[in-house]
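Note that ligands are numbered from 1 as they come in the structure, with each ligand's atoms numbered from 1 the same way. Numbers for residues simply follow the sequence, beginning at 1.
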Amino acid sequence: MAVHYATVTWEQLHRDARALAAALVPRMPFKGIVAVTRGGLIPAAIAARELGCRLIETISVVTYDEEEKGRPQIIKAPEAAGDGEGFLIIDDLVDSGVTARFVRECLPKAYFACLYAKPAGKPLTDMFITEVPQDTWVLFPWDTAPLFVPPLVSNKKECAE
Ligand SMILES: O=P(O)(O)OC[C@H]1O[C@H](OP(=O)(O)OP(=O)(O)O)[C@H](O)[C@@H]1O
Ligand SMILES: Nc1nc2[nH]cnc2c(=O)[nH]1
Ligand SMILES: [Mg+2]
């Protein structure tokens, strides 16, 4: 369904994670952060540094397997976070909102923040930085690598003539 791509560089991701941290300052204090692995790990690390937070818990959810697509399964529970009271959940983005809905059910009292939100997932967040169209696939820096692109004109002889 995604027909467009939005490439996020490391610099942009760092800026957006810092912006998220700045917007979260009025919500402090937090007892700790729950990073939604794997995509939430780096945004959570950046926010934790900015907010002076040293207690980092994780929740790992898979939203698909080969047989049952779309049914979330927890493969690592956020035991240190209890019912989420006083905790901040951080993920990289919400798309359909399936992951966020499930994580919120696990931690009903936590505050949910992410960097990017598509319209379908937006209502599941308490805070996000940038809205992304539903038909756009976000390419994170860990998803991509620089690639050689051949020049438009590759024959030197042709150029000299
Ligand atoms: O709103 P949704 O439609 O649920 O999509 C959003 C989730 O999808 C991605 O994680 P993914 O499950 O691909 O795993 P990863 O974080 O390990 O890459 C992303 O990091 C979010 O957690
Ligand atoms: N990298 C990436 N993962 C996703 N998971 C759900 N939506 C997205 C997206 O737009 N980009
Ligand atoms: Mg994820």
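At distances below 3.5 Å, at least one donor-acceptor pair connects side-chain atoms of Arg104 with backbone N or O atoms of Leu124.
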N/O contact list for ligand 1, threshold under 3.5 Å:
residue  : atom   : partner : partner atom : Å
ligand 1 : 1 (O)  : Asp95   : N            : 2.7
ligand 1 : 1 (O)  : Ser96   : N            : 3.1
ligand 1 : 1 (O)  : Gly97   : N            : 2.8
ligand 1 : 3 (O)  : Ser96   : N            : 2.9
ligand 1 : 3 (O)  : Ser96   : OG           : 2.5
ligand 1 : 4 (O)  : Thr99   : N            : 3.0
ligand 1 : 4 (O)  : Thr99   : OG1          : 2.6
ligand 1 : 16 (O) : Arg38   : N            : 3.1
ligand 1 : 16 (O) : Gly39   : N            : 2.9
ligand 1 : 17 (O) : Arg38   : N            : 3.1
ligand 1 : 17 (O) : Arg38   : NE           : 2.6
ligand 1 : 17 (O) : Arg38   : NH2          : 3.2
ligand 1 : 20 (O) : Asp92   : OD1          : 2.6
ligand 1 : 20 (O) : Asp92   : OD2          : 3.2
ligand 1 : 22 (O) : Asp91   : OD1          : 3.4
ligand 1 : 22 (O) : Asp91   : OD2          : 2.6

Identify all N/O pairs between ligand 2 and the protein with a separation under 3.5 Å and present them as a table of atom names and distances.
residue  : atom   : partner : partner atom : Å
ligand 2 : 1 (N)  : Val138  : O            : 3.0
ligand 2 : 1 (N)  : Asp143  : OD2          : 3.2
ligand 2 : 7 (N)  : Asp95   : OD2          : 2.7
ligand 2 : 10 (O) : Lys118  : NZ           : 2.8
ligand 2 : 10 (O) : Val138  : N            : 2.9
ligand 2 : 11 (N) : Val138  : O            : 2.8

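The shortest side-chain heavy-atom distance between Val61 and Val103 falls under the 4.5 Å cut-off. At a threshold of 4.5 Å between non-hydrogen side-chain atoms, the residues Phe140 and Leu13 count as touching. With contacts defined as side-chain heavy-atom distances shorter than 4.5 Å, the pair Leu93/Phe128 does not qualify.
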Can you list, pair by pair, the side-chain donor-acceptor contacts under 3.5 Å of residues 19-35, counting residues two or more places apart and other chains?
residue : atom : partner : partner atom : Å
Arg27   : NE   : Tyr111  : OH           : 3.3
Lys31   : NZ   : Glu85   : O            : 3.2

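Judged by distance alone, the side chains of Thr37 and Lys76 never bring a donor and an acceptor atom under 3.5 Å apart. At a cut-off of 3.5 Å, with distance as the only test, a side-chain donor of Tyr116 or Asp16 sits close to an acceptor on the other residue.
The side-chain contact (heavy atoms from CB on, under 4.5 Å) test with Pro43 is passed by exactly one of Asp91, Val36, Asp92: Asp92.
With sequence neighbours excluded, no residue forms a side chain to side chain donor-acceptor pair (under 3.5 Å) with Thr9.
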